[in-house]
Amino acid sequence: MSGVGIDIGNENCVIAAVKQRVIDVLLNDESKRETPGVVCFGEKQRFIGSAGAVSAMMHPKSTISQVKRLIGRRFTDPDVQNDLKLLPVETSEGPDGGILIRLKYLKEIHAFTPVQIVAMLFAHLKTIAEKDFGTAVSDCVIGVPSYFTNLQRQAYLDAAAIVGLKPLRLIHDCTATGLSYGVYKTDIPNAAHIYVAFVDIGHCDTQVSIAAFQAGQMKILSHAFDSSLGGRDFDEVLFSHFAARFKEQYSIDVYSNGRACRRLRVACEKLKKVLSANAVADLSIECLMDEKDVKGFIKREEFENLASGLLEKFNIPCNKALADAGMTVEKINSVELVGSGSRIPAITNLLTSLFKRELSRTLNASECVARGCALQCAMLSPIFRVKEYEVQDSIPFSIGLSCDGSPICEGSDGVLFPKGQPIPSVKILTFQCSNLLHLEAFYANPDELPPGTSPKISCFTIDPFHGSHGSKARIKVRVQLNLHGIISIESATLMEDHVDDSVTTGDYHSNSEAMNVEPVSETVENVTEDSINKKCEAPRHLADGTKKDKANRRLHVPVSENIYGGMTKAEILEAQEKELQLADQDRTIELTKDRKNSLESYIYETRSKLFSTYLSFSSEHERKDISRSLKATEDWLYDDGDDETVDAYSAKLEDLKQLVDPIEFRYKDTEARPQATRDLLSCIVEYRMSADSLPPQDKEQIINECNKAEQWLREMRQQQDLYPKNFDPVLLSSDIKSKTEDLNSVCQQILKSKGSPFPKDKGEDKQNTSNHQ
Amino acid sequence: MAKEGHRIAIGINLGTTYSCVAVWREHHRRVEIIHNDQGNTRSEATNDQNSFKFADSKRLIGRKYSDPVVQKDKLLWHSRLLPMWQIAEAFLEKHAKNEVVTVPAYFNDSQYKATIDAGKIAGLNILRIINEPVAAAIMHGLDMRTNNCVGERNIFIFDLGGGTFDASLLTLKGKIFKVKATAGNGHLGGEDIDNRMLDHFVKEIKRKKKVDISGNLKVLRRLKTTCERAKRTLSHAVTTNIEVDALSDAIDFCSSITRAKFEEINMELFKECMETVDKCLTDSKMNKSSVHDVILVVSINPDEAVAYGAAVHAALLSEDCQGKKLIE
């Protein structure tokens, strides 16, 4: 068992692991370090990752990419609608307002949620890791954008659960990057801080985080983001530009042709990359539309002008990160630029100007998140011993909690976990009520959220009166912001103080006083503790000092939780079942292709051997028969047999082998016979020599046995020599081996019974030699 | 501007069609392949018009130093070394002065010297020029060090590049690699495989679509690109698809190929490879049963593997390799 770090990007995925005490990125089937985040449903099987990218052109309407942006979003969200226009798949609104992806697979229409698609990517990465390790993989740490909401984080956990991964933590992308930066920093003096800004420009988003580093620890001071600003937006600028130019120049409307759009987008992405290293770039696409070849060129400065609106947007998250951290650019020691979209020179220039310093690019821009995740996984795993390093992260949103509709007062703005709250955190609340307790978690400041995000998070129902009613109760609720950055209720306990106890004790007055006793306070290690009393009744009286043991007894109260828009347990089970079916189908098809390939390979190999290795071991008639069958099977393969079952291919192979195996047997036996003969003759010679020291009667017996064996061999060889090679042999190498074993058996018996000077070991060695050969 | 500071060891592999830079990363105790500004791990030499000359030069064996081709190529090597070095400096934010450069096993002394001169012109201090097979073996040897390998090991390097094929037999004793024998075919490589596949599909298109594309250079180029992609896919899949848009007059072509068919098409080329392997073993006076390890440096990530080993070698030659432990 080993743990891995996973970074699911909008375009590419990276998986890293601890190997031989260092962090390394794992290679996929194509020996690439980045795996496309693509799932393509072919006619009979799925293609995921690199294979998905290859198949996408053939099955555009069944190929899903850029699925990360769809996780936890509402179908009617304008941003989502814009994203869906980029995907050729058909989509619709699900029952819960989420997105359903509709496609044709196995000749049926199927509907998948984005969580299910992400689960498929997780399964693919899991497979990559398991191939590398040779064992099962389940522990992992997964990178998430800092702006991911509670729902989106839970969606990632659900997707992992669907495929059997156990995330030890969801960690913010920039925090993972900071970890892989800080843990290796050995030049930070003790008691000193260095402040680093991490700017991560991805395929579709930009995240900026300010972190403080000390020897042995790092602390995130702020997270800021633009969830719709990334490398693909620059591709789109070029795409729009050339679509317009080609319409004017070649009278073609690229927008009307899906394939042309895809090809032009691919060309524009390459164009952007060329412009990063060259001042001018050419674009040339053959037969883009209406059988027309198109050509264009653009200068870098023109591209930068077209993108000037986008470039200015980078200022916003950078300035916000600085402000939230309470810092100015002068206090920043270093700016680390990472992310697959970070290589445009104009971005570097803009950030250099904004931060007033040269940017650093000491981290691997595409791999740093996955490496940081793998490192965190090693830290959290009991398998590894890792250098002590503390990671303090925080949430970028304010979270509030309401009880039966009214906010629970904590801070002046009604926030339970304010923006910047450390991860993890626990708050302990005490409620006094006589009914079901309904708690709702919500985002207290919608302005902090990505556009289109619902402020509602989840609701919890606490039922303290299960089995009893009509009495007051005090409930202690532990609300946690857990390691994943998800808010949940860790536990709810009932403070026992039923009036009914008076019957047992017989002293009403004493019990009445006990009702006012304060609960014993708890110390919770490494978490922020806070206690709030929520009253629904009259104020409590001060305790009179009397304590009863019974009053401190706690009963755990069941809590039911519902994340708005999230998956239920039943839905997760259903998705697991579905994933198993799909994976099983994939394996079946792979097996079928393997069988087909084996059959085809056998045809080519046999045809070749028939006129080389097997030539002298087959008759002309046999060769003609076999050639005819090979040809017939080959024709079948490229015609009716192009798309058949495992059994069909296996049966065809078996039919051919029935014809060919006799010839192969002749060949192999002829090859093996000389060695077997030499072994028998060696055995005969040795026993004759060993017989010299024996009494006359025993000597004669061994000599007779050797003579008989030699005679048999001579006669059989004479018979065999009468037959051409293309006949079934009459002297089999296995017969010779049997004769050798018989001779060994008889002679050893004689030698042993007379206290032979030859040890038994020699006999065993002889047999071992024979067996090996 | 790059800061002066610790000496950093990098490895540069100049390939026929791709060049690649790798850096020894002390913190990770690993080599890392560096992305160039375009985000690719390999700089596509074919984007540079001059690179065709350079590509040709690698196939020319045994030129004398004074030969005009060698002199001309020296300047081309310089033009290739400088960008590689700048990429490394930008990545490390440090001034990289110490490099190990790899050259084909069959380079002669004159060609070695020309490569050193090219490095000097680019402002580099070339610690050593090593054969590509040695670089590949060092990559393998790095893992073996952690396995505490004892004694002498015979390592066979099977290096099938885009345009050349090299076979080498080395012995590893402690940390010392010694080349026992080298054999090569300067005109056999992955591209020949691509061409075989191309021929196959030209015939198939003619048979199925009744269209002869053998004279259509545009379509041939696109089909060849698809064939190269298919070749890679067939290393881990038993079948793959071939698709070419706009074959001719709005006809699209879609087909598939199995690994069996791929192997059948290229069987003659594979036999030629084995002849080179046999020659190498014969020259080394070693039986194949004596070979302990076989390292494949094949057309997938070939240059990264070689640059990887070169960077390890440079790190070992420098004094910066401390081996600090982070994870146990």
Side-chain angles (χ1 to χ4, degrees), chain A residues 18 20-24 27-33 42 50-51 54-55 57-58 183-184 186 259 263 270 273-274 276-277 286-288 290-291 293 340 343 345 358 360-362 364-367 371 375 378 384-387 590 593-594 596-605 608 637 642, chain B residues 1 3 25-30 32-41 43 47 83 90-94 143 146-147 218-219 221-222 229-230 232-233 235-241 243 245-250 254 256 258-261 263-264 267 298 300-301 304-305 324-328:
Chain A
V18 179
Q20 295 174 26
R21 303 187 304 208
V22 296
I23 306 289
D24 206 0
L27 305 180
N28 65 15
D29 279 340
E30 295 194 346
S31 298
K32 297 280 176 52
R33 300 164 81 83
S50 300
V54 172
S55 303
M57 288 294 285
M58 291 185 63
V183 76
Y184 298 110
T186 54
R259 172 178 278 178
R263 293 183 68 199
K270 291 179 181 174
K273 292 180 173 178
V274 174
S276 294
E286 292 175 2
C287 204
L288 180 61
D290 302 340
E291 301 174 34
D293 300 340
S340 60
R343 300 180 173 108
E358 288 292 328
S360 290
R361 296 191 65 94
T362 59
N364 185 305
S366 302
E367 300 175 0
R371 285 173 180 271
L375 194 47
F384 301 102
R385 285 201 291 128
V386 187
K387 185 179 89 173
E590 285 299 318
K593 291 180 350 186
D594 206 62
K596 182 188 179 191
N597 186 69
S598 295
L599 175 59
E600 188 176 6
S601 198
Y602 187 83
I603 292 169
Y604 292 133
E605 190 179 352
S608 173
L637 255 185
D642 183 58
Chain B
M1 191 66 65
K3 302 172 186 173
R25 300 278 265 159
E26 182 57 37
H27 293 321
H28 298 281
R29 289 203 307 108
R30 286 277 164 154
E32 190 163 353
I33 307 297
I34 300 178
H35 296 75
N36 68 359
D37 284 343
Q38 300 185 27
N40 303 309
T41 53
S43 297
N47 282 343
F91 186 67
L92 296 168
E93 210 179 32
K94 291 172 180 174
D143 292 340
T146 57
N147 295 333
K218 286 179 178 179
V219 175
R221 188 173 65 253
R222 279 190 281 135
R229 169 102 207 179
R232 294 165 175 269
T233 304
S235 69
H236 62 84
V238 295
T239 184
T240 189
N241 294 314
E243 181 179 344
D245 293 344
L247 204 62
S248 175
D249 297 333
C254 178
S256 67
T258 59
R259 181 184 290 158
K261 171 63 80 175
E263 290 172 352
E264 171 72 4
M267 188 55 65
V298 200
I300 294 179
N301 268 347
E304 288 188 13
K324 297 168 185 172
K325 291 183 179 179
L326 176 71
I327 302 170
E328 298 180 31

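The chains referred to below are lettered A, B, ... by the order of the sequence lines, with proteins before strands, and numbering in each begins at 1.
Separating the CD1 atom in A:Ile603 from the NZ atom in B:Lys261 is a distance of 9.5 Å, to the nearest 0.5 Å.
For A:Asp293, the salt bridge (charged side-chain N to carboxylate O under 4.0 Å, His left out) test picks out B:Lys218, with sequence neighbours left out.
Judged by distance alone, the side chain of A:Asn597 and the main-chain N or O of B:Thr258 form no donor-acceptor pair under 3.5 Å.
Nearest approach of B:Ala260 to A:Ser601, heavy atoms of both residues: CB-N, 3.5 Å.
Considering A:Glu600, A:Lys593, A:Glu590, A:Lys596 as possible partners of B:Thr239, the one that fulfils the side chain to side chain contact (heavy atoms under 4.5 Å, CB included) test is A:Lys593.
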